[in-house]
Number of protein chains: 2
Amino acid sequence: MPADPLSAKFSALADPTRRAILARLCEGEATVNDLAEPFDMSLPAVSKHLKVLEKAGLISRGREAQWRPARLEPMGLKGVADWLEHYRRYWDASFDRLDAYLKQIQKGDPDGREH
Amino acid sequence: MPADPLSAKFSALADPTRRAILARLCEGEATVNDLAEPFDMSLPAVSKHLKVLEKAGLISRGREAQWRPARLEPMGLKGVADWLEHYRRYWDASFDRLDAYLKQIQKGDPDGREH
DNA sequence: GTCCTATTTAACCAAGCGGTTGACAGCGGC
DNA sequence: GCCGCTGTCAACCGCTTGGTTAAATAGGAC
């Protein structure tokens with residue numbers, strides 16, 4: 001893990017291929033070949049993606065004969081979730097306002113003149 | 001917003017400077033000069049960071065005379081939170097196991113032989 | 001108009017990223 | 001030992017990123 005784990009995690013997640021790999025790993029362990037199968041991409045490319053995910057602490061890898069299965073690292077995303085949690089109140093509040101507005105419309109007050 | 005909003009958001013968040021800017025904007029609107037003040041960085045650099053955040057839908061900007069104040073876009077992070085939510089059960093489960101293990105230790109069963 | 005402040009644009013640069021191909025290493029089967 | 005499979009390493013390439021400086025734009029004050 002680098003000096004700034006949070007940046008590493010966000011950066012790792014900023015790629016659709018890597019997010020798809022994570023989604024696939026929710027179903028259980030997988031080899032590099034398994035993971036590469038859905039993508040139009042060479043094996044070394046997938047291997048690099050796995051290394052990024054591993055360095056970010058989002059997956060871990062085992063060794064069974066010539067296979068190096070990858071698995072989800074369950075606590076990996078917790079740091080991201082904790083960071084996000086500080087901001088939850090902003091979109092919650094915003095959603096509440098939107099919700100109130102929609103209820104106002106239903107009452108036949110589309111301009112929100114009531115407030 | 002680009003073709004892949006989620007990637008744009010994660011990518012925008014993968015920079016400590018930009019996360020610090022978001023944190024600062026929690027306290028309210030701020031001008032580019034305000035935002036640049038804590039950083040050892042030129043103004044155009046901050047301006048670029050703001051553009052990244054804006055394109056990711058995490059902030060929006062106004063126009064008041066020659067100032068272009070930035071403010072938090074409340075719903076901006078919701079997409080990220082929704083994506084993360086799918087994975088919550090993984091770290092929750094992991095935490096529960098850790099919790100159970102700690103309780104086991106307290107009971108004087110450090111090797112977890114009970115299970 | 002002229003000056004001052006706030007901010008963006010343009011051009012540039014070094015470093016990193018995402019991909020490729022080709023060679024190499026680990027391991028089981030024969 | 002040798003083949004075949006799985007995976008990584010190394011070198012390379014084009015594009016993006018995060019920063020710089022210098023010049024341009026926008027708007028208020030005078």
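Atom set for the values below is all heavy atoms of this structure, side chains included, hydrogens, waters and symmetry mates excluded. This one's a predicted model, so the numbers in the text were calculated from it and none came from an experiment.
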Separation of Leu13(B) atom CG from dT17(D) atom C1', in whole Å? 16 Å
Residues of residues 22-44 of chain B with a heavy atom under 4.0 Å from any atom of DNA chain D, listed by number, are Met41(B), Ser42(B), Pro44(B)
Contacts of type ring-ring contact (aromatic ring centres under 6.0 Å, His included), residue Trp67(A), not counting sequence neighbours: none
So which nucleotide from dT8(C), dT20(C), dT8(D) ends up closest to the side chain of Ser47(B)? dT8(C)
OP1 or OP2 of dT17(D) versus the side-chain N and O atoms of His49(B): is any pair under 4.0 Å? no
Phosphate OP1/OP2 of dT25(D): any Arg68(B) side-chain N/O under 4.0 Å: no
Whole angstrom value for the distance that separates C1' of dG7(D) from CD of Glu54(A): 13 Å
Tell me every residue that passes salt bridge (Lys or Arg N to Asp or Glu O under 4.0 Å) with Arg61(B), counting only those two or more places apart in sequence or in another chain. none
Atom pair distance, as rounded to whole Å: CG in Asp15(A) and C1' in dT17(D): 15 Å
Sequence neighbours excluded, which residues qualify as side chain to side chain contact (heavy atoms under 4.5 Å, CB included) partners of Glu37(B)? none
Contact list for residues 11-21 of chain B, test salt bridge (Lys or Arg N to Asp or Glu O under 4.0 Å), sequence neighbours left out: Asp4(A)-Arg19(B)
With heavy atoms under 4.0 Å as the rule, sort Lys51(A) into base, sugar-phosphate or nothing. sugar-phosphate
Return whichever of Gln66(A) or Val52(A) has its heavy-atom-nearest nucleotide of DNA chain C closer to the 5' end. Val52(A)
Output the distance between atom CD1 (Ile21(A)) and atom SG (Cys26(A)), rounded to the nearest 0.5 Å. 12.5 Å
Output, in order, the C-alpha distance, side-chain angles, deciding distance and verdict of side chain to side chain contact (heavy atoms under 4.5 Å, CB included) for Leu25(A) and Leu35(A). CA-CA 8 Å; Leu25(A) 289 179; Leu35(A) 294 170; 4.0 Å; yes
Figure out the NZ/P separation between Lys48(B) and dT8(C), and round it to whole Å. 12 Å
Measuring to OP1 and OP2 of dA25(C), would you say a side-chain N or O of Arg63(A) lies under 4.0 angstrom away? no
Check whether any side-chain nitrogen or oxygen of Arg18(A) sits under 4.0 Å from OP1 or OP2 of dG18(C), and answer yes or no. yes
Quickly work out the Leu50(B) CG to dT17(D) C1' distance and round it to whole Å. 16 Å
Length of the CH2-C1' vector between Trp67(B) and dT25(D), whole Å: 16 Å
Give me each pair satisfying ring-ring contact (aromatic ring centres under 6.0 Å, His included) with a member in residues 4-49 of chain A, each pair once, sequence neighbours excluded. Phe10(A)-Trp83(A)
